[in-house]
Peer 1: 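Mind having a look at this structure? Questions to follow.
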Amino acid sequence: MNPGAKPELSLLRICEMNLGFFGLQFSFGLQQANMSPIYRTLGATEAILPLLWLAGPMTGLIVQPLVGAMSDRTRSRFGRRTPYFLIGAVICSLCLLAMPYSPSLWAAAALLWLLDAGNNVTMEPYRAYVADRLRPAQRATGFLTQSAFTGLAQTLSYLAPSLLAATIDRDLLDANGIPAIVRVAFAIGAVLSLSTVVWSLLRVPELPLAEADGGLQTGGETATSLAPRALLRELGAALREMPAPMRRLAPSMLCQWYAMFVYWQFITDALARSIHGTSDPATPAYRAAILETQQLGALYNAIAFAAALALIPLVRRFGAAWIHMACLAASGLAMLLIPQANSMAALAPLMIGLGLGWAGMMANPYIILASAIPPERTGLYVGLFNILIVAPMLIETVTMPLIYKSLLASDPRNALVLAGFLMLAGAGATLLAVAPRRPQRGTHRYQTDHPLPPRDSNS
């Protein structure tokens with residue numbers, strides 16, 4: 001379909017099409033806020049936490065590029081992306097219901113693998129759906145609205161156990177030692193994961209596929225073929241022809257996602273030590289640190305919700321990459337200061353930096369990417385772009401157990417300092433990515449108002 005022929009959507013319709021992303025991110029928020037405490041309650045040590053978080057990056061690395069390529073080629077009466085939304089949402093809902101009942105550490109780890117697989121089946125087709133459905137001029141609004149829903153969903157998911165503690169005793173434990181408030185929060189997430197996706201698809205269905213769209217050629221095979229050979233050939237061709245902006249963002253993505261993964265894994269243990277002076281997950285003080293982590297997470301996600309909306313005019317004026325650099329710098333400074341704070345009053349202002357960074361991470365790279373990829377490969381490239389997210393997470397899961405004792409003195413507060421420096425490095429790498437490049441002979445200089453040059457001479 002010619003992008004110019006797409007109907008312009010109102011802000012209300014753009015919000016409705018992203019409501020399913022709200023449910024998806026509520027699920028992610030529950031993971032970020034609760035998986036480390038669940039693992040610690042079931043017997044995990046601090047040093048092996050990164051390995052137990054391996055499910056997210058591994059399933060993302062495998063599932064998202066394949067599902068992205070498959071959704072580009074899918075031709076069904078329900079649409080290209082819709083079947084993947086629904087399958088992923090059902091898997092997520094079932095795993096969220098089961099997670100708090102995990103009888104052992106490895107049962108919880110196995111359920112996280114399934115949960116992340118379901119999330120990843122939905123994630124990249126959803127981002128591709130936004131690019132499919134919106135005109136180029138509306139994509140910044142679409143992705144920043146998606147980022148706002150991420151902030152809102154994760155605000156509520158982080159806050160849910162604390163709100164439930166008003167009516168359910170926070171020290172009421174299930175047979176496996178996991179608080180009952182966590183079980184109820186996961187059940188709420190299960191309902192939202194499926195219901196919000198269904199609402200989005202009913203209110204803003206996919207556009208009908210153009211007749212010409214089914215005959216695009218890819219390596220000698222039609223773009224509608226779902227045969228493994230055709231998919232692998234398409235993946236290889238897409239990697240060789242990767243747009244220049246995607247390549248130049250790789251160092252920044254490495255730094256920022258390594259840092260964020262460290263933060264999610266170690267923030268609860270860091271607060272338990274800095275505020276309560278404990279590292280024992282069986283104590284009431286540690287459970288208090290869990291709720292404080294969730295409250296701070298709700299705060300920075302609420303800030304991300306507001307920031308994502310506020311960034312829309314700034315991105316239009318200055319470009320996504322420059323705004324992204326500022327967001328990462330704010331997040332890095334906040335992470336450096338968190339270990340020095342020993343009260344919630346001191347920690348709360350630092351969540352402004354975290355919220356700005358998270359809002360930027362969830363939107364700006366996709367705004368940059370959407371203008372640089374061919375429409376017939378939207379799902380594929382959005383899936384491949386996820387490699388730049390999950391690869392840093394994989395590196396973190398392997399390296400953190402090796403350096404946690406020797407370099408970080410087995411102290412989760414030192415892990416947050418490392419994360420802060422990496423966020424600042426990510427901001428610097430973003431600056432290098434947008435630095436002016438001398439055009440080669442026979443090429444023209446790109447306009448200065450591009451967030452990133454759409455292609456270089458080799459792409």
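The structure displayed is predicted, hence computed values, not measured ones.
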Peer 1: Please check if the distance between the ring centroids of Y126 and Y84 is under 6.0 Å.
Peer 2: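 No, ring centres 6.0 Å or more apart.
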Peer 1: I need the D116 CG to I91 CD1 distance, nearest 0.5 Å.
Peer 2: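 Going from CG on D116 over to CD1 on I91, the span is 11.5 Å.
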Peer 1: Would you please say whether a donor-acceptor pair under 3.5 Å links the side chains of S36 and Q265?
Peer 2: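 Checked: S36/Q265 side chains show no N/O donor-acceptor pair below 3.5 Å.
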Peer 1: Quick one: CG on N364 to CG on L314, what's the gap to the nearest 0.5 Å?
Peer 2: 10.0 Å
Peer 1: Indicate whether any N or O donor in one side chain lies under 3.5 Å from an N or O acceptor in the other, for Q256 and S252.
Peer 2: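 Per modelled atom types, Q256 and S252 side chains form a pair under 3.5 Å.
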Peer 1: If we only count heavy atoms from C-beta on, is the F22 to T150 side-chain gap below 4.5 Å?
Peer 2: no
Peer 1: Please determine whether side-chain contact (heavy atoms from CB on, under 4.5 Å) holds for the pair L19 and V197, giving the CA-CA distance in whole Å, both sets of side-chain angles, and the decisive distance to 0.1 Å.
Peer 2: CA-CA 7 Å; L19 187 63; V197 167; over 6 Å; no
Peer 1: Do I395 and L254 have side chains that get closer than 4.5 Å, going by heavy atoms?
Peer 2: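 Contact flag for I395/L254 side chains = yes.
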Peer 1: How about Y258 and T399: does a side-chain donor come under 3.5 Å of a side-chain acceptor?
Peer 2: yes
Peer 1: Are the side chain of E206 and the backbone of R80 linked by a donor-acceptor contact shorter than 3.5 Å?
Peer 2: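 It does hold such a pair.
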Peer 1: State, with a plain yes or no, whether a side-chain heavy atom of E46 is found less than 4.5 Å away from one of P412.
Peer 2: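 A side-chain contact under 4.5 Å exists here.
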Peer 1: Quick one, N176 and L42 - any side-chain contact, counting heavy atoms below 4.5 Å?
Peer 2: yes
Peer 1: What distance do E292 atom CD and I275 atom CD1 have between them, rounded to the nearest 0.5 Å?
Peer 2: 4.5 Å
Peer 1: Applying the ring-ring contact (aromatic ring centres under 6.0 Å, His included) test to W358, which of F28, W264, Y263 qualifies?
Peer 2: W264
Peer 1: Under 3.5 Å, side chain of S200 to main-chain N/O of G20, donor-acceptor pair present?
Peer 2: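 Looks like yes, one N/O pair under 3.5 Å.
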Peer 1: When you check the side-chain N and O atoms of Q32 and Y158, is any donor under 3.5 Å from an acceptor?
Peer 2: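 Distance-only check passes for Q32 and Y158.
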Peer 1: What residues, two or more places apart in sequence or in another chain, satisfy salt bridge (charged side-chain N to carboxylate O under 4.0 Å, His left out) together with E16?
Peer 2: R13, R203
Peer 1: Could you tell me whether the side chain of Y129 reaches within less than 4.5 Å of the side chain of F85, counting heavy atoms only?
Peer 2: yes
Peer 1: Does the side chain of M393 reach to within under 4.5 Å of the side chain of M58, using non-hydrogen atoms?
Peer 2: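 Not touching, per the 4.5 Å side-chain cut-off.
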Peer 1: Using the side-chain contact (heavy atoms from CB on, under 4.5 Å) rule, take V90 and L194 through it: C-alpha gap first, then chi angles, then the decisive distance, then the call.
Peer 2: CA-CA 6 Å; V90 169; L194 185 57; 4.0 Å; yes
Peer 1: Set out, in order, the CA-CA distance, both residues' side-chain angles and the distance that settles side-chain contact (heavy atoms from CB on, under 4.5 Å) for L97 and F186, then state yes or no.
Peer 2: CA-CA 6 Å; L97 287 173; F186 271 67; over 6 Å; no
Peer 1: With a 4.5 Å limit on heavy-atom distance, are the side chains of L192 and L24 in contact?
Peer 2: no
Peer 1: With distance as the sole test, does Q154 use its side chain to make a donor-acceptor pair with the main-chain N or O of F26 at under 3.5 Å?
Peer 2: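 Checked: no pair found.
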Peer 1: Check for a donor-acceptor pair, side chain of D169 on one end and backbone N or O of A165 on the other, with a separation under 3.5 Å.
Peer 2: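 Checked: no pair found.
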Peer 1: Determine whether the side chains of T59 and N120 contain a donor N or O and an acceptor N or O closer than 3.5 Å.
Peer 2: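 Yes, a side-chain donor-acceptor pair sits under 3.5 Å.
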Peer 1: Counting distance only, does the side-chain N/O of S27 pair as donor-acceptor with the main-chain N or O of G23 below 3.5 Å?
Peer 2: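 Side chain of S27 to backbone of G23: no pair is present.
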Peer 1: To the nearest 0.5 Å, what is the distance between CG (L350) and CG (L299)?
Peer 2: 10.0 Å
Peer 1: Between Q25 and N301, do the side chains contain an N or O donor and an N or O acceptor separated by less than 3.5 Å?
Peer 2: no
Peer 1: Would you find a donor on one side and an acceptor on the other, under 3.5 Å apart, between the side chain of S193 and the backbone of A190?
Peer 2: no
Peer 1: Between P57 and L394, what is the shortest heavy-atom contact and its length?
Peer 2: CB-CG, 3.6 Å
Peer 1: Do the side chains of L96 and Q31 get nearer than 4.5 Å, heavy atoms only?
Peer 2: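 No, their side chains stay 4.5 Å or more apart.
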Peer 1: Please name all residues satisfying side-chain hydrogen bond (donor to acceptor under 3.5 Å, both in side chains) with R133, sequence neighbours left out, ordered by chain then number.
Peer 2: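 R133 satisfies side-chain hydrogen bond (donor to acceptor under 3.5 Å, both in side chains) with no other residue.
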Peer 1: Tell me every residue that passes salt bridge (charged side-chain N to carboxylate O under 4.0 Å, His left out) with D269, counting only those two or more places apart in sequence or in another chain.
Peer 2: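 In terms of salt bridge (charged side-chain N to carboxylate O under 4.0 Å, His left out), with neighbours along the sequence ignored, D269 is linked to R40.
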Peer 1: Would you tell me whether T141 and R135 have side-chain atoms, one donor and one acceptor, within less than 3.5 Å of each other?
Peer 2: no
Peer 1: Which residues pass the side-chain contact (heavy atoms from CB on, under 4.5 Å) test with I168, sequence neighbours left out?
Peer 2: L172, A180, I181, V184
Peer 1: Which pair of non-hydrogen atoms, one from A302 and one from T155, has the smallest distance, and what is that distance?
Peer 2: N-OG1, 2.6 Å
Peer 1: Would Q295 and S162 count as a side-chain hydrogen bond (donor to acceptor under 3.5 Å, both in side chains) if you check the C-alpha gap in whole Å, the side-chain angles of each, and the deciding distance to 0.1 Å?
Peer 2: CA-CA 7 Å; Q295 291 159 9; S162 294; 3.2 Å; yes
Peer 1: If the condition is salt bridge (charged side-chain N to carboxylate O under 4.0 Å, His left out), which residues does R183 pass it with, not counting sequence neighbours?
Peer 2: D174
Peer 1: Between W53 and W113, does the ring centre distance come in under 6.0 Å?
Peer 2: no
Peer 1: If you take all heavy atoms of G177 and T41, which pair is closest and at what distance?
Peer 2: O-CG2, 3.4 Å
Peer 1: With sequence neighbours left out, what residues match V191 under side-chain contact (heavy atoms from CB on, under 4.5 Å)?
Peer 2: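 side-chain contact (heavy atoms from CB on, under 4.5 Å) check on V191 returns S195.
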Peer 1: Any chance you could lay out the side-chain contact (heavy atoms from CB on, under 4.5 Å) test for L424 and L328, step after step, and finish with the verdict?
Peer 2: CA-CA 7 Å; L424 293 177; L328 294 184; over 6 Å; no
Peer 1: Considering all heavy atoms of both residues, which atom of S331 and which atom of G357 are nearest to each other, and what is their separation?
Peer 2: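 Nearest heavy atoms, S331 then G357: CB-CA, 3.8 Å.
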Peer 1: Mind checking the CG-SG spacing from N119 to C92? Nearest 0.5 Å is all I need.
Peer 2: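 The SG atom of C92 is 3.5 Å from CG of N119, to the nearest 0.5 Å.
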Peer 1: Rounded to the nearest 0.5 Å, what separates atom CE in M344 from atom CG in L296?
Peer 2: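 Here the rounded value is 4.0 Å.
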Peer 1: Of all heavy-atom pairs between P125 and T122, which one has the smallest distance, and what is that distance?
Peer 2: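 Answer, listing the atom of P125 first, then T122: CD-O, 3.5 Å.
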Peer 1: Could you pull out the closest heavy-atom pair between G360 and P365, with the gap in Å?
Peer 2: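 Nearest pair, atom of G360 first, then P365: O-CD, 3.3 Å.
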